[in-house]
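Written out below as structure tokens is the structure these notes cover.
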Amino acid sequence: MRVALFVTCVNDLLYPDTGRAVVTLLERLGVDVDFPTAQTCCGQPQFNTGYRHQTEPLVHRYAAAFDGYDYIVTPSGSCAAMVRENYPRIARRATTEGRDNGLTRAAATTAPRTYELTEFLVDILGVTDVGAYFPHTVTYHPSCHGLRTLGLRDRPRRLLQAVRGLELRELPGAEECCGFGGTFAVKNPHVSTAMGHDKIHNALTTGAPILCGADNSCLMHIDGLLRRHHTPLRTVHLADILASTEEHPYTAPEKTGNLR
Amino acid sequence: MSGTYLGLPAFPQAARLSTRDEQLRANLRHATHTIRAKRATAIAELSDWPELRAAGTAIKDHTLHHLDHYLEQLETAVTAAGGTVHWAIDADDANRIVTDLIHATGETEVVKVKSMATQEIGLNEALAEAGINAYETDLAELIVQLGNDRPSHILVPAIHKNRTEIRDIFHTHMAAWGRPAPDDLTDEPRDLAEAARLHLREKFLRAKVAVSGANFMIAETGTMVVLESEGNGRMCLTLPETLISVVGIEKTIPTWRDLEVFLQTLPRSSTAERMNPYTTTWTGTTHGDGPRTFHLVLLDNGRTDTLADTTGRQTLRCIRCSACLNVCPVYERAGGHAYGSPYPGPIGAILTPQLRGTTTALDASLPYASTLCGACYDVCPVAIDIPEVLVHLRERIAQGGPTTRHGTKATIKPAKGHATERAAMRAAAWTLDHPAAWTATQRLATRTRALHPRRVPGRTASAWTATRDLPTVPARTFRDWWQHREPDPKDSQQ
């Protein structure tokens with residue numbers, strides 16, 4: 001089984017620890033994971049802002065970078081959704097505009113092979129207990145594209161519930177958007193901030209010191225609000241929790257304080 | 001659409017003010033969360049909800065595909081039943097037709113059933129200019145009208161008001177319109193409803209002309225269908241001598257049998273009720289019963305242009321249930337007025353820019369008034385993929401492209417104010433298509449990380465940093481780590 005990691009541009013630059021956690025986790029589960037360096041970005045920022053034409057080269061790039069792998073795994077529900085939902089759409093639209101240029105093939109070969117991390121673990125590897133240890137209380141925010149576009153349902157929760165030492169608390173209003181929405185965060189900053197504050201308020205009512213998510217872009221928005229107000233709540237990506245073991249426990253990234 | 005909405009600020013500016021209104025946000029949170037929870041329960045009772053949703057979608061799509069045929073069938077049936085059909089190309093056309101019809105009766109007062117179509121065309125304002133008073137009879141519409149306000153929700157137009165505010169409106173303004181509110185009016189719902197009932201009863205008994213919309217028009221029989229909760233609509237539809245119905249052409253369904261699907265999905269999606277309290281149907285005129293004259297004004301106003309767009313046309317399936325508003329996190333914070341049209345929320349964000357075009361700053365801002373979270377698509381009883389249409393309209397605004405305006409194909413230019421974004425997106429797309437350039441960009445970001453300020457100038461950056469810290473750029477990118485990773489001992493053994 002040839003498995004490639006699609007780390008995503010946000011993780012590559014801003015959250016490299018999440019990518020490392022995925023590698024650690026998958027290797028622990030016996031998966032030989034590769035990182036094709038020709039990968040860049042899925043094109044979601046461009047597509048969702050209305051620049052469909054500019055996503056077309058990125059569809060080609062993605063298909064070329066991941067050619068030959070059985071599975072493409074990514075720790076981001078929205079990037080996985082972009083490939084699975086929108087690549088075929090981009091190809092169809094290009095075809096109706098009279099220029100296929102191999103987009104149909106690029107979309108058809110990549111979309112079915114692309115998996116969000118929790119899907120890959122539960123559906124392909126068939127595991128929910130990944131042997132993790134994380135002795136903290138956690139509440140989980142299911143990001144919208146993972147939840148609704150990919151239909152991840154309870155997969156992330158099942159994985160978290162199997163983590164030794166972890167207490168999972170239900171997040172009130174869990175299925176409500178955190179207000180990130182890509183360029184929405186800067187085009188409508190006031191609504192975005194209001195939504196983020198409500199998400200944080202709900203998380204604080206659980207009493208859990210950690211808000212876990214499976215999409216670092218949403219967590220970047222939430223974390224930015226938390227840090228501005230010095231709120232005692234930390235955001236941690238699901239992969240970091242699943243990679244954490246008794247021998248190699250999770251350590252917080254620099255400059256963001258220590259776990260309580 | 002209505003002239004009352006002209007010149008309103010773009011969505012982000014309007015929302016900047018409304019998100020600060022704590023009372024408004026509390027009213028909206030309470031109301032939308034209540035309806036949302038009730039709706040979920042009402043839907044969960046039906047084991048065949050997915051099938052009903054698919055059936056509603058299929059009926060609407062089929063009708064839209066053959067709309068020319070069904071509209072002609074409808075016209076024939078209405079005419080045969082003693083009604084008169086008028087075709088209105090746009091708002092001005094429709095307002096002129098209705099004004100002329102009322103003038104012909106010699107009346108200067110009309111009662112109205114709550115109608116989205118007449119709000120869309122600004123009929124009340126047009127009638128006022130022609131010296132005709134139009135009285136809204138739906139309780140929430142009455143509140144909005146008395147308060148000289150605008151509706152902020154499709155189903156609950158006064159959702160932004162709490163009962164104390166409503167009591168004050170009744171107290172201050174009812175007398176100017178007819179029977180005043182009692183001096184000792186409390187803010188108890190029962191008292192408020194009684195004051196409205198007495199006030200409206202006068203209007204119903206006096207009016208000779210009524211204006212309505214319709215939820216559905218059945219092509220095979222020429223029957224109009226109105227669903228409402230209070231019974232005030234039925235008073236309007238049965239008491240006056242003349243009834244004028246203004247209805248969007250997309251409200252057509254082929255047969256009575258098709259109605260069965262929507263009579264299940266609409267009440268559950270909108271009011272979370274299993275069955276609609278008042279469902280009124282009428283076919284032309286009937287001797288000795290109901291209005292003696294019936295006029296149907298079929299409204300286009302941008303609908304055939306919308307129909308011409310293969311992605312956008314699904315918007316016309318909308319049955320105005322407002323389920324998407326009640327689950328929308330953006331609507332909940334921004335309020336309905338920020339959308340600057342009678343159609344707020346997710347459906348308004350796609351319907352309004354298609355009906356009105358995207359030439360004003362407000363209309364061009366609407367497709368961006370969403371995080372694309374997809375909650376609206378999930379609850380839509382006719383499966384309108386609202387996020388898909390939002391992105392489609394964003395493309396039209398950001399990059400221009402083909403569209404149909406007034407029945408003619410046109411290629412529109414990108415909206416103003418997107419030049420910087422366009423250049424940035426182009427540069428980003430180029431960089432991301434060249435891994436070496438992407439690596440160099442990342443290297444620059446990591447090497448200069450000590451210099452990154454917490455707050456950054458520039459419109460886009462400051463929109464982020466006004467409320468949020470930027471993430472700290474780590475010393476190494478993932479790709480850098482991967483390339484310098486210790487080789488796996490297993491690999492070297494092989």
Side-chain angles (χ1 to χ4, degrees), chain A residues 7 9 11-17 19-20 35 37-41 43 45-55 57-58 61 89 96 144-145 148-149 175-177 179-196 220-221 223-225 227-228 253-256, chain B residues 11-12 15-16 19-20 25 310 329-330 333-334 365 367-375 377-378 388 391 393-399 421-422 425-426 428-429 431-433 435 438 442 445-446 459-461 463-464 466-483:
Chain A
V7 82
C9 56
N11 288 325
D12 192 1
L13 178 62
L14 299 173
Y15 301 98
D17 287 358
R20 283 147 77 162
F35 177 79
T37 52
Q39 63 176 281
T40 56
C41 167
Q46 290 82 2
F47 183 79
N48 282 352
T49 316
Y51 297 86
R52 174 173 54 90
H53 292 286
Q54 287 163 16
T55 59
L58 298 177
R61 169 147 300 284
R89 218 170 240 174
T96 59
C144 301
H145 293 170
R148 282 181 275 266
T149 313
E175 298 192 350
E176 283 173 37
C177 177
F180 172 61
T183 44
F184 178 83
V186 290
K187 281 184 182 285
N188 283 286
H190 300 93
V191 181
S192 169
T193 300
M195 289 165 67
M220 174 173 75
H221 157 70
D223 189 57
L225 292 166
R227 288 207 274 160
R228 175 58 55 87
E254 54 176 340
K255 279 193 183 175
T256 50
Chain B
F11 184 85
R16 184 171 68 87
T19 50
R20 284 183 193 158
R25 275 179 61 190
T310 48
V330 176
R333 273 83 184 183
S365 72
Y368 295 96
S370 165
T371 64
L372 307 178
C373 84
Y377 178 29
D378 264 16
E388 183 191 14
V391 169
L393 294 174
R394 288 177 187 188
E395 184 184 324
R396 186 180 294 171
I397 290 157
Q399 300 202 304
E421 178 185 278
R422 201 157 42 244
M425 287 291 177
R426 217 172 268 156
T431 307
L432 292 166
D433 196 27
W438 171 229
Q442 289 181 320
T446 51
R459 220 167 59 183
T460 307
W464 181 278
T467 56
R468 293 162 282 215
D469 279 6
L470 284 166
T472 312
V473 177
R476 297 177 82 183
T477 60
F478 175 82
R479 117 186 8 237
D480 192 32
W481 170 79
W482 177 271
Q483 278 164 349

Q: Verify the distance criterion only: is there a donor paired with an acceptor across the side chains of A/R227 and B/T472 at less than 3.5 Å?
A: yes
To the nearest 0.5 Å, how far apart are [atom1] in [X] and [atom2] in [Y]?
X      : Y      : atom1 : atom2 : answer
A/N188 : A/T193 : CG    : OG1   : 10.5 Å
B/D378 : A/C144 : CG    : SG    : 10.0 Å
A/L13  : B/W438 : CG    : CH2   : 5.5 Å

Portion of [X] that has a non-hydrogen atom of chain A nearer than 4.5 angstrom:
X      : value
B/R476 : backbone
B/E421 : both
B/R333 : side chain
B/S370 : backbone
B/W464 : both
B/A445 : side chain
B/T19  : side chain
B/D433 : both

[X], part contacting chain B, at a heavy-atom distance under 4.5 Å:
X      : result
A/E175 : neither
A/Q46  : both
A/T149 : neither

Based on non-hydrogen pairs under 4.5 Å, which of [options] is most in contact with chain B?
options                     : value
A/G182, A/A38, A/P189       : A/P189
A/F35, A/F47, A/F180        : A/F35
A/T49, A/V7, A/N11          : A/T49
A/G50, A/G43, A/G19         : A/G50
A/A185, A/C9, A/P45, A/G181 : A/A185

For the candidates [options], which exhibits the highest count of non-hydrogen atom pairs separated by less than 4.5 Å from chain A?
options                        : result
B/L432, B/I397, B/T477, B/T431 : B/L432
B/R394, B/Q483, B/R25          : B/R394
B/A429, B/P12, B/C373          : B/C373

Q.
One pair to check against side-chain contact (heavy atoms from CB on, under 4.5 Å): B/Q442 and B/D480. What are the steps and the verdict?
A. CA-CA 10 Å; B/Q442 289 181 320; B/D480 192 32; over 6 Å; no
Q: Under the side-chain contact (heavy atoms from CB on, under 4.5 Å) rule, what do B/E395 and A/H53 come out as? Steps first, then yes or no, please.
A: CA-CA 9 Å; B/E395 184 184 324; A/H53 292 286; 4.2 Å; yes
